[in-house]
J.: 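Could you have a look at this structure, given as structure tokens, before my questions?
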Amino acid sequence: MKNTVHTIMVAVVMAAMVAGAADRDDQKGVRPCFDDAFTADPAPLAVGDTLYVYTGQDADDADGFKMPGWRLYSTKDMKTWKAHGIVASPDGNFTWGGKNTAWASQCVGRNGKYYFYTTCIDKRKGWCMSIGVLVADRPEGPFKDPIGEPLIQHCQGDIDPTVFVDDDGQAWLYWGNPLLHTAKLNADMISIDKSYGDNGIKVASERLKDYQEGPWVWKRDGKYYMAYASTCCPEGIGYSMSTSPEGPWEYKGHIMDHDIRSSGNHPGIVAFNGKWYCFGFGYQRYHRLNPGEKHRERRSVCFTEMTYNPDGTIRQLSWWADIQ
Ligand code: FUB
């Protein structure tokens, strides 16, 4: 019995390592970095020598969005990935969260805690996408809901949260489809400053050029960057720059152009071990498993290195499958 349990445990651990290990296959082009599930909406987080990537999961029988939970993967070398499985889910972690609606998320570390900002529906209110927050002591969880209610809910495109903590300690929350919303997080990271904007929220009066959804904000050499899924559909990855976390945001072009081989995309951008990486998604795993079939929402997270020009603008990337 003891031997059997040991054998099963070794097999499970091996499966977890192998499941996350396939970042390329023998064809050219960037392959899905995770091959144990269909994954979307990547959100990388560098912690010391480890890069964590949170993703949504598309169910194996998904046609449209059927997303049971948020998965986690980690790596130390960008080659070998450890699959941690589902670390949170709308119906498992929020009393109000609707099953199979685990849309985009981002986790940030602060003051020794990890705050996980997520999108899912509030099942009490019909189709009302809302932003919730979970907290944990470690990137892997376990995550708990510290407020018992959505953090953001005005039922107007409240999806795709991204959080950026500036050098002065102010944490900014951005989200929205099709308009960009901005809020200031309080120091507790689980409430917003209600004195900002209209009861805590500023909504852009018009779309940023090429903006659709999925904002992702970072700072480099004193310049603020906002990447986003660019106008639907198909979505590429566009970006704007600013001298302030509040904008105005100046459109700079594509990080990755729109491509008919996809309908969506979703950037997650991170510096790790001295390089910059752009994560997003395509449909490679689905097409490999179902050659010739029209794609369904069973997506594949992938990444590639991203570089800058001397003036701080970003060198455009080829579409995932065309990257050598
Ligand atoms: O994955 C569900 C939704 O699709 C995300 O929230 C959007 O960014 C798009 O990727």
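For ligands, and for the atoms within them, numbers begin at 1 and follow the listed sequence. Sequential numbering from 1 along the given sequence is applied to the chain's residues.
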J.: Any salt bridge between K66 and D58, counting N to O under 4.0 Å?
T.: no
J.: Among all the protein's non-hydrogen atoms, which is closest to atom 1 (O) of ligand 1, and how far away is it?
T.: D41 OD2, 2.5 Å
J.: Going by the order shown, which atoms of ligand 1 are within less than 4.0 Å of some heavy atom of M67?
T.: 1 (O), 2 (C)
J.: Tell me, please: is E297 in heavy-atom contact with ligand 1, that is, under 4.0 Å?
T.: no
J.: By number and element, which atoms of ligand 1 are closer than 4.0 Å to a non-hydrogen atom of F281?
T.: 10 (O)
J.: Would you call R124 and D122 a salt bridge, using N to O less than 4.0 angstrom?
T.: yes
J.: Give the residue and atom name of whichever protein heavy atom lies nearest to atom 9 (C) of ligand 1, and the separation in Å to one decimal.
T.: E213 OE2, 3.5 Å
J.: Run the salt-bridge test on R261 and D322 with the 4.0 Å N-O cut-off and return the result as yes or no.
T.: yes
J.: Would you give the length of the straight line joining atom CG of D41 to atom CG of N265, rounded to the nearest 0.5 angstrom?
T.: 10.0 Å
J.: Do the side-chain sulfurs (SG) of C155 and C128 come closer than 2.5 Å?
T.: yes
J.: Salt bridge between D49 and K76, side-chain N to carboxylate O under 4.0 Å?
T.: yes
J.: Numbering the atoms of ligand 1 from 1, which are under 4.0 Å from a heavy atom of A104?
T.: 6 (O)
J.: Could you tell me the residue and atom name of the protein heavy atom closest to atom 4 (O) of ligand 1, and the distance to it rounded to 0.1 Å?
T.: F65 CZ, 3.3 Å
J.: For ligand 1, is any non-hydrogen atom under 4.0 Å from M129's backbone (N, CA, C, O), its side chain (CB onward), both, or neither?
T.: neither
J.: Hey, would you say the Y308 and Y225 ring centroids sit under 6.0 Å apart?
T.: yes
J.: When you measure from atom 8 (O) of ligand 1 to every protein heavy atom, which one gives the shortest distance, and what is it?
T.: D160 OD2, 2.6 Å
